Colleague: 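A single structure is presented below for examination.
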Amino acid sequence: MPSMDDTTNGSDLQDTAKTAGARTIGASLNRATLAVTGGRTHGEPGTPVATPLVQSVNFLTAPGSHNELLYTRHGNTPNALVLQDRLALLEGSEAALVLSSGMGATACTMMALLRPGDHLLASSWVYGGTRQLFEQELVTQGIEVTFVDPTETRGWRRSVRHNTRVLFLESPVNPTTRVLDLRPVSALARELGLALVVDSTFASPINFRALEHGADVVIHSATKYLNGHQDVLAGVVCGSASVIEEVRRKMIVWGQAADPFALWMLERGIKTLDVRVRRQNESAMAIARWATEWPAFARVHYPGLASHPDHDIASETLDGFGGMMAVELALGADATQGMLEQLQLFLHAPSLGGVESLVSEPRYTSHEHLSSAERAAIGIPDGFLRLSIGLEDPADLIADLAQATV
Ligand SMILES: *Cc1c(COP(=O)(O)O)cnc(C)c1O
């Protein structure tokens, strides 16, 4: 790990934010319980059951006090603290920070871990915005960036330079649903003293906890599964207290903190994370099984299927195969328009991880910048449709796909 500047006040602040005599819930509870209660404090009779929304940017201070300022941009106001405790418990990290978006989370993490002259080695299978951030923005900060095929363990090792500080990967991968084996990459990071950062948005902490597999820092776009209702933009970073404090410093000066209302909404969304994700896992499995038998689909991509290239590693390392899948139409790209117009329940929209089922075409969204041949080379041929399975009854979703493809 790159050494972090010595920091104070993060935990002191959280201690003072909890009223004297209050009990904080945490420790060794199961994730379904933590999603509802993690970080909650029991106060006096009359304390609201739901965390109150404290929609204030600013807070009174004692004259002459040296305590850190409570200020929304600092990520230390009441709605931030309870949520950050909960996320750290869910992910199994020492600390967590909520930012204004998933991109804000990735950007501030990179600014915290890398200095001019450092080298970032990243998987080439990353979210389009992440790729742009690395390729177009970090390089202007004097940071060297190279990409590797993440499935080639020797490729990671060969691409490490004397100034490499951070390894970055995303798993499961958007939109191909490939699942990466973290073990060889985290072993390399350990051996060479590098930080391994994992974007685990597709899995959520219910299906995968990258820290248990050797990652140092985990990032989520909370806009997706964590909030789950397509109505909040937010990002999360989980890791050691010292790394999180360094990310928080970047968040403060680059202005990437989340608004109290977004934090409050996100806390509400996370309460149902476990039931949502389990249901989405089950529904996606049922739909994927049906889709493999349905003649309109030439291929189905879902880590829960034995035919998936990473089925074994997914079975070993994930607690659930997730709610994301993809299909390739037998009639190819010409047939997508007709199908998309016929679908009644699946909404044609980007993004993912919410209660509504969505369908999108990567050739017009995340992978628009590539040519048809370049997309095909990374496993996204034209006629490839990504499905984000929501909470509708899977039988209804299957009927919708069937009627749209006859
Ligand atoms: C959506 C997404 C992001 C970016 O998150 P925002 O909240 O939209 O900024 C990053 N990584 C992955 C894997 C995503 O799906």
Side-chain angles (χ1 to χ4, degrees), residues 83 87 91 96-111 120 122-138 147 150 168-180 182 197-208 210 215 217-238 247 250-251 254-259 261-263 265-266 269-270 273 277 280 301 303 318 322-326 349-354 356 358-362 365-369 378 380 386-390:
L83 186 54
L87 285 159
E91 197 64 53
L97 185 71
V98 181
L99 300 92
S100 59
S101 69
M103 286 306 302
T106 306
C108 289
T109 301
M110 292 302 138
M111 296 314 284
L120 163 67
S123 161
S124 54
W125 297 348
V126 293
Y127 177 74
T130 306
R131 182 146 193 142
Q132 227 172 310
L133 169 73
F134 291 176
E135 235 168 15
Q136 294 171 22
E137 302 301 320
L138 291 188
F147 294 93
F168 181 98
L169 63 84
E170 180 184 309
S171 182
V173 177
N174 176 35
T176 55
T177 72
R178 293 294 302 267
V179 177
L180 303 181
L182 256 61
V197 180
V198 174
D199 180 339
S200 186
T201 296
F202 267 44
S204 90
I206 303 303
N207 284 343
F208 184 61
V217 179
V218 174
I219 291 173
H220 292 279
S221 166
T223 313
K224 317 295 170 52
Y225 285 102
L226 288 174
N227 180 63
H229 292 73
Q230 330 239 27
D231 52 12
V232 170
L233 188 76
V236 174
V237 185
C238 300
V247 178
K250 298 299 174 187
M251 178 185 83
W254 290 85
Q256 291 297 314
D259 183 78
F261 185 61
L263 297 165
M265 290 279 280
L266 179 54
I270 284 175
L273 180 67
V277 170
Q280 285 162 317
H301 303 261
L318 304 183
M324 297 303 297
M325 55 184 286
S351 199
L352 61 115
E356 293 90 359
L358 305 178
V359 56
S360 65
E361 257 188 293
T365 55
S366 53
H367 292 71
E368 197 192 4
H369 57 288
I378 56 169
I380 313 168
R386 188 185 78 171
L387 305 177
S388 172
I389 305 303

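Counting starts at 1 for both ligands and their atoms, in listed order. On a predicted model such as this, the values are computed, not experimentally measured, just so you know.
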Colleague: Going through the checks in order, is the side-chain contact (heavy atoms from CB on, under 4.5 Å) test met by Leu226 and Val232?
Modeller: CA-CA 10 Å; Leu226 288 174; Val232 170; over 6 Å; no
Colleague: Can you give me the closest heavy-atom contact between Phe208 and Ser200, atom names plus distance?
Modeller: CD2-OG, 3.7 Å
Colleague: Partners of Arg178 by salt bridge (charged side-chain N to carboxylate O under 4.0 Å, His left out), sequence neighbours excluded?
Modeller: Asp310
Colleague: Just to verify, what does Ser100 make a side-chain contact (heavy atoms from CB on, under 4.5 Å) with, not counting sequence neighbours?
Modeller: Gln256
Colleague: Identify the residue among Val236, Leu99, Val247, Thr106 that makes a side chain to side chain contact (heavy atoms under 4.5 Å, CB included) with Ile219.
Modeller: Thr106
Colleague: With sequence neighbours excluded, give me every side-chain hydrogen bond (donor to acceptor under 3.5 Å, both in side chains) pair touching residues 225-237.
Modeller: Asn227-Asp231, Gln230-Glu356
Colleague: Which pairs of nitrogen or oxygen atoms, taken one from ligand 1 and one from the protein, are under 3.5 angstrom apart?
Modeller:
{"residue": "ligand 1", "atom": "5 (O)", "partner": "Ser221", "partner atom": "OG", "Å": "3.0"}
{"residue": "ligand 1", "atom": "7 (O)", "partner": "Gly102", "partner atom": "N", "Å": "2.9"}
{"residue": "ligand 1", "atom": "7 (O)", "partner": "Ser221", "partner atom": "OG", "Å": "2.8"}
{"residue": "ligand 1", "atom": "7 (O)", "partner": "Thr223", "partner atom": "OG1", "Å": "2.6"}
{"residue": "ligand 1", "atom": "9 (O)", "partner": "Gly102", "partner atom": "N", "Å": "3.0"}
{"residue": "ligand 1", "atom": "9 (O)", "partner": "Met103", "partner atom": "N", "Å": "2.9"}
{"residue": "ligand 1", "atom": "11 (N)", "partner": "Asp199", "partner atom": "OD2", "Å": "2.6"}
{"residue": "ligand 1", "atom": "15 (O)", "partner": "Lys224", "partner atom": "NZ", "Å": "2.8"}

